[in-house]
Amino acid sequence: AYAHGKQSEIEELKQLAKFRRQFLADVSHELKTPIFAAQGFVHTLLDGAIDDKKNRMKFLKRAAKNLDGLDMLVQDLLTVSHMEAGDITMHLEPVNLCEMIFEIFDQMENNAQKTDITLKMNHERDEIIKVKADEQRIYQVLVNLITNAIKYSDEGGVVEVSVVDLGERQQVIVKDTGIGIPPEHLNRIFERFYRVDKSRARAIGGTGLGLSIVKHIVEAHDSDIHVKSTPGEGSEFSFELDKYIAQ
Ligand code: ADP
């Protein structure tokens, strides 16, 4: 039994080492993509190859966009590494979901790249639905899910957030009428850097870490994250939060 235990321990360590190698390789690759792109634009400008001002601006904007993406990626990487190291403390406090969801809607509408997507909610702006949650982290979960719902929808789409009373908990559902996810990818989209359509996801923008962050945070709130999706029809992500009951 001892020998067997030792053996499986070694296997586990080997597996862990393999994981770390793979993660480093993934991270390097993800970092390289925006760095290469920004470098290309900046060096082309430095070479003096672009004569007119309008095109120079275009190149600068592209370089800036890649640097912004790089910044987001590093931020998400730090979040993920803290969470995986287990060093996150949840600050549970009463949070009004209605207020938070409408605040996010306002923000999305202000800096909307796609203006033709309708954001809906199954409650009024001034309703109060209190849950016990880490405010900043649940905000991030909702932003990530709603951003994805918009990103992976075509013009004319509808994104609907619902909060459903389940008795002791409130269920939060983010539903879109977007491109959907093929069933064979469904259980992998929460993995770091996993993307259904690499080139499409890259073109749309995003770090590839959004859903793994969502999963970590939701699990830290003693819930699971669920997904249902039909290609060509849309997707639905849901999780639950404890109701806040005033003492
Ligand atoms: P990304 O930055 O690529 O959006 P995420 O971790 O947020 O990274 O999502 C992982 C992948 O899951 C996406 O690349 C996309 O393929 C798929 N995905 C996530 N949300 C949706 C959605 N609402 N509709 C369709 N596909 C989605």
Side-chain angles (χ1 to χ4, degrees), residues 26-41 57-80 101 104-120 139-161 173-218 225 227-238:
D26 288 345
V27 169
S28 313
H29 176 79
E30 295 291 333
L31 289 171
K32 263 187 185 167
T33 308
I35 291 174
F36 270 6
Q39 235 174 2
F41 292 125
M57 277 310 284
K58 204 153 93 186
F59 271 58
L60 266 181
K61 276 189 185 149
R62 288 183 187 158
K65 197 173 162 209
N66 278 284
L67 291 175
D68 290 345
L70 194 59
D71 181 44
M72 265 177 12
L73 176 59
V74 171
Q75 265 179 44
D76 278 0
L77 272 172
L78 284 173
T79 307
V80 165
I101 289 162
I104 295 171
F105 280 3
D106 290 344
Q107 237 180 52
M108 303 265 156
E109 272 159 2
N110 280 339
N111 51 25
Q113 285 164 348
K114 289 184 200 165
T115 46
D116 202 15
I117 289 181
T118 312
L119 303 178
K120 288 210 275 187
Y139 185 86
Q140 184 168 18
V141 165
L142 285 166
V143 167
N144 288 1
L145 291 178
I146 297 170
T147 307
N148 278 350
I150 296 172
K151 273 192 336 195
Y152 300 106
S153 289
D154 294 318
E155 298 275 321
V158 177
V159 172
E160 181 164 22
V161 181
I173 305 167
V174 179
K175 189 175 179 215
D176 65 62
T177 55
I179 61 172
I181 301 158
E184 67 271 23
H185 295 278
L186 270 186
N187 60 353
R188 299 206 58 192
I189 53 172
F190 297 98
E191 291 172 20
R192 294 177 303 222
F193 303 126
Y194 191 85
R195 296 170 175 113
V196 174
D197 179 343
K198 271 197 180 13
S199 54
R200 184 176 172 142
R202 283 251 165 66
I204 296 173
T207 63
L209 293 172
L211 285 182
S212 63
I213 292 175
V214 164
K215 187 175 156 73
H216 272 294
I217 298 177
V218 165
I225 177 93
V227 56
K228 282 192 274 188
S229 188
T230 311
E233 286 184 18
S235 312
E236 187 182 309
F237 290 82
S238 65

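FYI, side chains are in, hydrogens and waters are out, and symmetry mates aren't considered; it's all heavy atoms of this structure.
- Scored by the side-chain contact (heavy atoms from CB on, under 4.5 Å) test, D68 finds no partners at all (sequence neighbours excluded).
- Here the CD1 atom belonging to I189 is positioned 4.0 Å from the CZ atom belonging to F237, to the nearest 0.5 angstrom.
- Note that CD1 of I150 and CG of L145 are 11.5 Å apart. Values are rounded to the nearest 0.5 Å.
- Counting heavy atoms from C-beta on, the side chains of D26 and R192 never come closer than 4.5 Å.
- Distance alone, capped at 3.5 Å, is enough to place a donor-acceptor pair between the D176 side chain and the S235 backbone.
- The line from CZ of F41 to NZ of K58 is 10.0 Å long, rounded to the nearest 0.5 Å.
- D71 places no side-chain N or O within 3.5 Å of a backbone atom of L67 that could act as its donor or acceptor partner.
- Between R195 and A201, the closest heavy-atom pair is CD-CB, 3.6 Å.
- How far CD1 of I181 is from OH of Y152: 9.0 Å, rounded to the nearest 0.5 Å.
- Counting only heavy atoms from C-beta outward, the side chains of V143 and M108 approach each other to under 4.5 Å.
- For the pair P182 and V196, the tightest heavy-atom approach, listed with the atom from each and the gap, is CD-CG1, 3.9 Å.
- Between F105 and I146, the closest heavy-atom pair is CE1-CD1, 4.1 Å.
- What you find for I225 and V218 is that their closest heavy atoms are N-CG1, 3.9 Å.
- Sequence neighbours left out, the pairs with a member in residues 203-217 that pass side-chain hydrogen bond (donor to acceptor under 3.5 Å, both in side chains) are D76-T207, E84-H216, K215-E219.
- Summarising the geometry, atom NZ belonging to K65 is positioned 12.0 Å from atom NZ belonging to K61; distances are rounded to the nearest 0.5 Å.
- Using a 4.5 Å heavy-atom threshold, the side chains of L70 and L31 count as touching.
- Residues satisfying the side-chain hydrogen bond (donor to acceptor under 3.5 Å, both in side chains) test with T177, not counting sequence neighbours, are none.
- With a 4.5 Å cut-off on side-chain heavy atoms, S229 and P183 do not count as touching.
- In plain terms, the two heavy atoms of Q107 and Y139 that are nearest each other are NE2-OH, 3.0 Å.
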Can you check side chain to side chain contact (heavy atoms under 4.5 Å, CB included) on V80 and I213, steps first, answer last? CA-CA 6 Å; V80 165; I213 292 175; 3.5 Å; yes
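- The two residues H29 and T33 have their closest heavy-atom pair at O-OG1, 3.0 Å.
- For the atom pair F193 CZ and L77 CG, the distance stands at 5.0 Å (nearest 0.5 Å).
- In this structure, L209 and L73 have side chains that are in contact, with non-hydrogen atoms separated by less than 4.5 Å.
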